[in-house]
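Throughout, residue positions are numbered sequentially from 1 according to the sequence presented.
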Amino acid sequence: QVQLVGSGGGLVQAGGSLRLSCAASGSIFSINAMGWYRQAPGKQRELVATITSDGKTNCADSVKGRFTISRDNAKNTVYLQMNSLKPEDTAVYYCNAQGVKRTPTAYGNNYWGQGTQVTVSS
């Protein structure tokens, strides 16, 4: 079984910074893409940023220039550096891993972390 454990959320004032981390553990040969999604109260879950195993990134327009996603493939860990935080960034942030293979020829599965709360006060 594969588990994603995220950390780093919390309460911060507007304009502040937080860094989220998420480590995948278990029987893992490779992970195609890792990323972060968020869900605010009363809203649907939305993409924040993703990064592939070869470093290609994709970010939501709302966070471009403020958030940076990075990844350590050797540690199966993804990071989200969040700067210039705004109250509208308040949400539960979920880590995601796509195309997780246990062997080179195995089917790639998708996994979600448990979510970490980020609250930005005005």
(Q) List the residues meeting salt bridge (charged side-chain N to carboxylate O under 4.0 Å, His left out) with R66, not counting sequence neighbours, and say none if there are none. (A) D89
Q. Taking only residues two or more places apart in sequence or in another chain, which ones pass salt bridge (charged side-chain N to carboxylate O under 4.0 Å, His left out) with K43?
A. none
Q. For K75, does its backbone N or O pair with a side-chain atom of T77 as donor and acceptor, under 3.5 Å?
A. yes
Q.
For N73 versus S53, what's the shortest heavy-atom pair and its separation?
A. ND2-O, 2.9 Å
Q.
Please enumerate all residues that pass side chain to side chain donor-acceptor pair (under 3.5 Å) together with S27, with sequence neighbours excluded.
A. none
**Q.** Nearest heavy atoms of S122 and P87, plus distance in Å
**A.** CB-CG, 3.8 Å
Q: I would like to know whether L18 and L85 meet side-chain contact (heavy atoms from CB on, under 4.5 Å); could you show each step before the answer?
A: CA-CA 8 Å; L18 284 173; L85 282 161; 4.1 Å; yes
Q.
Once salt bridge (charged side-chain N to carboxylate O under 4.0 Å, His left out) is applied, do any residues pair with D54, and if so which ones, sequence neighbours excluded?
A. none
Q) Looking only at heavy atoms, which two atoms of V120 and T90 are closest? And how far apart? A) N-OG1, 2.9 Å
Q. Among all residues two or more places apart in sequence or in another chain, which pass the side chain to side chain donor-acceptor pair (under 3.5 Å) test with Q114?
A. none
Q) Regarding Q117 and T119, is there a side-chain donor-to-acceptor distance under 3.5 Å anywhere? A) yes
Q) Within the side chain of N96, is there an N or O that forms a donor-acceptor pair under 3.5 Å with the backbone of G35? A) no
Q) Are I51 and V2 connected in the hydrophobic side-chain network, where two residues link if heavy atoms are under 4.5 Å apart? A) yes
Q) Rounded to the nearest 0.5 Å, how far apart are CG of N58 and CG of L47? A) 5.5 Å
Let me check something: any side-chain donor-acceptor pairs from residues 3-16 under 3.5 Å, sequence neighbours excluded? List them with distances.
none

**Q.** Cluster overlap M34 with I28, hydrophobic side-chain contacts below 4.5 Å
**A.** yes
Q. Among all residues two or more places apart in sequence or in another chain, which pass the side chain to side chain contact (heavy atoms under 4.5 Å, CB included) test with S30?
A. K101
Q: State which residues pass side chain to side chain contact (heavy atoms under 4.5 Å, CB included) with N32; sequence neighbours excluded, sorted by chain then number.
A: none
Q: Report the C-alpha separation of F67 and C59 in whole Å, then their side-chain angles, then the decisive distance to 0.1 Å, and conclude whether the side-chain contact (heavy atoms from CB on, under 4.5 Å) test is met.
A: CA-CA 8 Å; F67 292 9; C59 290; 5.8 Å; no
Q) Just by modelled atom types, is the V78 backbone N or O under 3.5 Å from a matching donor or acceptor in the D72 side chain? A) no
**Q.** Where at least one partner belongs to residues 14-23, residue pairs that pass side-chain hydrogen bond (donor to acceptor under 3.5 Å, both in side chains), sequence neighbours excluded
**A.** S17-N83
Q) What residues, two or more places apart in sequence or in another chain, satisfy salt bridge (charged side-chain N to carboxylate O under 4.0 Å, His left out) together with E46? A) R38
Q: For the residue pair P104 and F29, establish whether any side-chain heavy-atom pair is separated by less than 4.5 Å.
A: yes
Q. Rounded to the nearest 0.5 Å, what separation is found between the CZ atom of R71 and the OG1 atom of T57?
A. 12.0 Å
Q | Selection residues 85-122 - residue pairs positive for ring pair (Phe, Tyr, Trp, His ring centres under 6.0 Å), sequence neighbours left out | A | Y37-W112
Q: For the residue pair T116 and L20, establish whether any side-chain heavy-atom pair is separated by less than 4.5 Å.
A: yes
Q.
If I compare all heavy atoms of V118 with all of M82, which pair ends up nearest, and what's the gap?
A. CG2-CE, 3.9 Å
Q. Considering all heavy atoms of both residues, which atom of V48 and which atom of V63 are nearest to each other, and what is their separation?
A. O-CG2, 3.7 Å
Q: Could you tell me which residues satisfy side chain to side chain contact (heavy atoms under 4.5 Å, CB included) with T105, sequence neighbours excluded, listed by chain and number?
A: T103
Q.
Quick check: closest heavy atoms across A24 and I31, and the distance to 0.1 Å?
A. CB-CD1, 3.9 Å
